Amino acid sequence: MRMSKGLFPTLKEAPKEAKIVSHKLMIRAGLMRKLASGIYTYLPLGYRVIRKIENIIREEMNKTGAQEVLLPTLSPQELWEESGRWEVYGPELMRIKDRHNRLFGLGPTHEEVITDLARREVKSYRQLPLTLYQIQTKFRDEIRPRFGMMRAREFHMKDAYSFDRNEKDLEKNYKKMYQTYQNIFDRCGLKYKAVEADTGPIGGDVSHEFMVLAKTGEDQIVYCKKCGYAANVNRAEYHRSPVTGHQSSVKEKPLKKVKTPGMKSVEEVTGFLKCKPKDLVKTLIYKVDGKPIAILIRGDHGVNERRLEKLLKAKEILLADEKTIEKVTSASLGFSGPVGLKIKIIADSDVASMKNMISGANEKDYHLININIDRDFKVDRILDIRSVIPEDLCPKCKTKLTFSRGIEVGHVFKLGTKYSQVLKATFLDEKGKEKPMIMGCYGIGLDRIMAASIEQNHDENGIIWPLSIAPYQVLVLIVNNQDKRQIKIAEKVYNSLEKEGIEILLDDRDLRAGAKFKDADLMGIPLRITIGNKAIKGNKIEIKIRKNNKVHEIDKKDLIPKIRSLREM
RNA sequence: CGGGGAGUGGCGCAGUUUGGUUUAGCGCGCAGCGUUCGGGACGCUGAGGUCGUGGGUUCGAAUCCCACCUCCCCGACCA
């Protein structure tokens, strides 16, 4: 491609709305432009990257024997109602009406559609296992789109769905996909970790997220450097460090009620009473399978809801709404406390070892100081329910855990029969018995791979693409467009490399050298060939590697083998 | 949805506090001409803006008032 003939709009300054590097560079390098909040146009350079990623995914998926399909973006309300997600998915599911006032959902994910296909087409165990996938535009009306393509409302996803006869086969498929995902992310040049994850609105029992390690990641993960245990903090297990808690020797002080007008949050209360969050106990009212229960947790800790759900053997746990809180505590939100509560109270182990705690007084604008278990209130159960903290140890090998931020680029789920059951996707087994298909689903965010790659690979001058997903592999730069000899050499180089099937960009724009160098760095093409005076006088070709700034000067005749060998790197 | 910030040529900004020398500026970019040409050159000339939208106040509004829209940031079931 000749740059003089195409659209390569680079910017010296990033628009002020872009806050993180990948977003800034994607705009500056001319990969994309914003159309509306969370909705972007891919320009030629950006779309090439997407297609590169797409092809890597496609190749790896095909290797597993999965088949590519293309499901519709629009799907009718009735189908979503069968699975119950027309309700459950909430406003994140975009909906439109056709001219007859029939409602459709714009696909945020396609479990319903694929299960509908399976129930129509798959009848026998002989047709299983089956894995289908697609690469397609998805819509999610994100509560807050941000960071460019990192959290967009219209984005691109590879979603795959597996159908098996039994759990054992699902396990095989799951492992195969897990491995395939590693292959894909490896080929994309990403540094990532696979972590145990929460299943969220997709549902199912087991899931893993593939997290690209980056400071700007929206997720927090925790992992063990020794044994490899890794999980999203929202579900991480841990072995409690023995040093947390333990104040049994402290004397109990007399209970006091203090006025705390309008002080609701931990920060407000601790700021007002001049104490630390760890002196405070939060009283959270949960609805556990519909029944209100009070959870006591230290002010600086959080509840691991998954753990809680498991320990209570509950189907559904939800924080109570304001009305319920007012009914249960007879105070407004922000002033709940355990003293005088009539409902069941569950305390975290760390709370159990606290003395002279501060809590809400179950009375508006009042808190209690020096409350103590047994003396002032009773606890029904003591459980380990707080979420992981930096002091905790690995649940498997008791090594200190490492915290990191991650960008979720892939997610694999064991769905089981969640969708096949409600949508009645069944098959007949060897004995002629009807059974629901056992499903798995596997997603990859293409745009996120692109953004995450930039987060991991850039410098102050711009993007540094890995060869595998670079929009072009080589850029030939003509230093002085007025010099006919330079143009001649550049054209020759360009044509010969193009003939070799190397993806090449020729910067033949009528710009000064400096501007071209800056653009080349910004766009991050891995290999840059500079045609200037050296090429004329010395009969040498200069190749610069974007990644490490190394310059190779080689004879013209060695150019193609050299480029080939550099591409191997 | 709650809180905060912002909308002025393609991008980045000034001007708004105190309404009137502003025919609304500046840098970058863009067009033309000339000089230049290995890390974002320089000179001259020029194009491009209903100052987010709609109302209002006023002799007069980018500037004051009201409403709405859009965008960004923080938070969003942790009391």
Side-chain angles (χ1 to χ4, degrees), chain A residues 9-20 23-24 27-28 30 33-39 90-91 142-148 151 218 234 260 262-270 277 280-287 294-305 308 316-326 328-329 331-338 348 358-362 364 367 385-387 460-462 477-483 486 507 509-522 528-537 542 544 549 551:
Chain A
T10 56
L11 256 37
K12 274 195 188 174
E13 286 167 293
K16 65 177 171 200
E17 71 220 30
K19 305 288 167 180
I20 63 170
H23 188 192
K24 284 183 187 169
I27 303 285
R28 285 229 291 135
R33 291 290 183 261
K34 185 176 77 183
L35 181 63
S37 177
I39 301 175
E142 288 289 344
I143 194 161
R144 181 149 88 87
R146 71 185 120 178
F147 301 148
R151 187 162 290 281
E218 291 189 281
N234 65 22
T260 50
M263 305 292 158
K264 293 180 181 177
S265 68
V266 171
E267 293 74 46
E268 284 165 354
V269 174
T270 53
L280 208 113
V281 60
K282 295 190 283 198
T283 308
L284 310 178
I285 310 299
Y286 271 92
K287 274 200 159 169
I295 302 293
L296 304 185
I297 195 100
R298 215 168 82 183
D300 57 336
H301 289 167
V303 174
N304 184 332
E305 296 186 351
L308 183 63
E316 186 188 53
I317 62 164
L318 275 174
L319 272 167
D321 55 278
E322 236 168 289
K323 267 193 195 148
T324 311
I325 293 168
E326 280 166 25
V328 169
T329 68
S332 65
L333 190 133
F335 301 97
S336 318
D348 176 59
I358 299 165
S359 82
N362 294 327
K364 192 176 188 303
H367 276 76
I385 44 171
R386 67 160 169 79
S387 50
E460 63 283 0
N461 296 316
L477 190 152
I478 303 170
V479 169
N480 186 343
N481 250 26
Q482 315 314 312
D483 191 330
Q486 288 185 21
D507 194 348
R509 295 176 301 172
D510 204 4
L511 291 175
R512 289 168 57 89
K516 294 192 190 180
F517 286 133
K518 289 287 180 195
D519 273 354
D521 286 349
L522 180 60
R528 188 186 82 199
I529 295 174
T530 311
I531 307 291
N533 276 329
K534 280 187 223 162
I536 296 167
K537 287 177 193 146
E542 175 189 312
K544 187 171 176 184
N549 285 325
V551 177

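In the text below, chain A, chain B and the rest are named by the order of the sequence lines, each starting its count at 1. Just so we're clear, the structure is a prediction, and the values are computed from it rather than from any experiment.
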For Asn461(A), give me all partners under side chain to side chain donor-acceptor pair (under 3.5 Å), at least two apart in sequence or on another chain. none
Using the side chain to side chain donor-acceptor pair (under 3.5 Å) criterion, which residues pair with Glu13(A)? Sequence neighbours excluded. none
When the [atom1] atoms of [N] and [M] are considered, how many whole Å apart are they?
N	M	atom1	result
G19(B)	G9(B)	C1'	24 Å
C11(B)	U50(B)	P	14 Å
C71(B)	U57(B)	P	31 Å
A14(B)	C26(B)	C1'	7 Å
G4(B)	A76(B)	C1'	14 Å
C59(B)	U45(B)	P	42 Å
G34(B)	G25(B)	C1'	28 Å
G48(B)	G40(B)	P	32 Å

Let me know the distance between [atom1] of [X] and [atom2] of [N], rounded to the nearest Å.
X	N	atom1	atom2	value
Lys19(A)	G12(B)	NZ	P	11 Å
Asp519(A)	C28(B)	CG	P	17 Å
Lys16(A)	U70(B)	NZ	P	17 Å
Glu13(A)	C26(B)	CD	C1'	12 Å
Lys12(A)	C13(B)	NZ	P	16 Å
Arg151(A)	C73(B)	CZ	P	12 Å
Asp510(A)	U36(B)	CG	C1'	12 Å

Working to the nearest 0.5 Å, report the span between [atom1] of [X] and [atom2] of [Y].
X	Y	atom1	atom2	value
Ile295(A)	Thr283(A)	CD1	OG1	10.0 Å
Leu477(A)	Arg509(A)	CG	CZ	8.5 Å
Ile536(A)	Asn480(A)	CD1	CG	8.5 Å
Lys516(A)	Asp521(A)	NZ	CG	14.5 Å
Lys12(A)	Leu522(A)	NZ	CG	12.0 Å
Arg33(A)	Leu11(A)	CZ	CG	5.0 Å

NA contact type, [X], heavy-atom cut-off 4.0 Å: base, sugar-phosphate, or nothing?
X	answer
Ala14(A)	sugar-phosphate
Ile325(A)	base
Ile285(A)	base

With sequence neighbours left out, what residues match Asp510(A) under side chain to side chain contact (heavy atoms under 4.5 Å, CB included)? Asn481(A), Gln482(A)
With side chains defined as the heavy atoms from C-beta onward, is the minimum distance between [X] and [Y] less than 4.5 Å?
X	Y	result
Glu542(A)	Ile531(A)	no
Ser387(A)	Asn234(A)	no
Ile478(A)	Asp507(A)	no

Given C72(B), is OP1 or OP2 found less than 4.0 Å from the side-chain N or O atoms of Ser37(A)? yes
Expected rows: protein N/O vs nucleotides 76-78 of chain B N/O, under 3.5 Å:
from: C77(B); atom 1: O2; to: Leu319(A); atom 2: O; distance (Å): 3.3
from: C78(B); atom 1: O2; to: Lys282(A); atom 2: NZ; distance (Å): 3.2
from: C78(B); atom 1: N3; to: Val303(A); atom 2: N; distance (Å): 3.3
from: C78(B); atom 1: N4; to: Val303(A); atom 2: O; distance (Å): 3.3

Distances under 3.5 Å between nitrogen or oxygen atoms of protein and nucleotides 37-39 of chain B:
from: C37(B); atom 1: O2'; to: Asn480(A); atom 2: ND2; distance (Å): 2.9
from: G38(B); atom 1: O6; to: Gly532(A); atom 2: N; distance (Å): 3.4
from: G38(B); atom 1: O6; to: Lys534(A); atom 2: N; distance (Å): 3.4
from: G38(B); atom 1: N1; to: Glu542(A); atom 2: OE1; distance (Å): 3.0
from: G38(B); atom 1: N2; to: Glu542(A); atom 2: OE1; distance (Å): 2.9
from: G38(B); atom 1: N2; to: Glu542(A); atom 2: OE2; distance (Å): 2.7
from: G39(B); atom 1: O6; to: Arg528(A); atom 2: NH1; distance (Å): 2.9
from: G39(B); atom 1: O6; to: Arg528(A); atom 2: NH2; distance (Å): 2.9
from: G39(B); atom 1: O6; to: Lys544(A); atom 2: NZ; distance (Å): 3.1
from: G39(B); atom 1: N1; to: Asp521(A); atom 2: OD2; distance (Å): 3.1
from: G39(B); atom 1: N2; to: Asp521(A); atom 2: OD2; distance (Å): 2.3

Hey, which sits more toward the 5' end of RNA chain B by its nearest nucleotide, Ala36(A) or Val269(A)?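 Upstream on the strand: Ala36(A).
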Can you figure out which of C71(B), G29(B), G12(B) approaches the side chain of Glu17(A) most closely? C71(B)
Convert the base pairs of RNA chain B into dot-bracket notation, remembering that pairs crossing earlier ones are written with [ ] and that bases paired across to another strand are shown as |; include only Watson-Crick or G-U pairs under 3.5 Å. ((((((((.[[[[.)....(....]]]].((((((.....)))))).....[[[[[..)....]]]]])))))))....
Between Gly148(A) and His23(A) the two heavy atoms that sit nearest each other are N-ND1, 3.4 Å
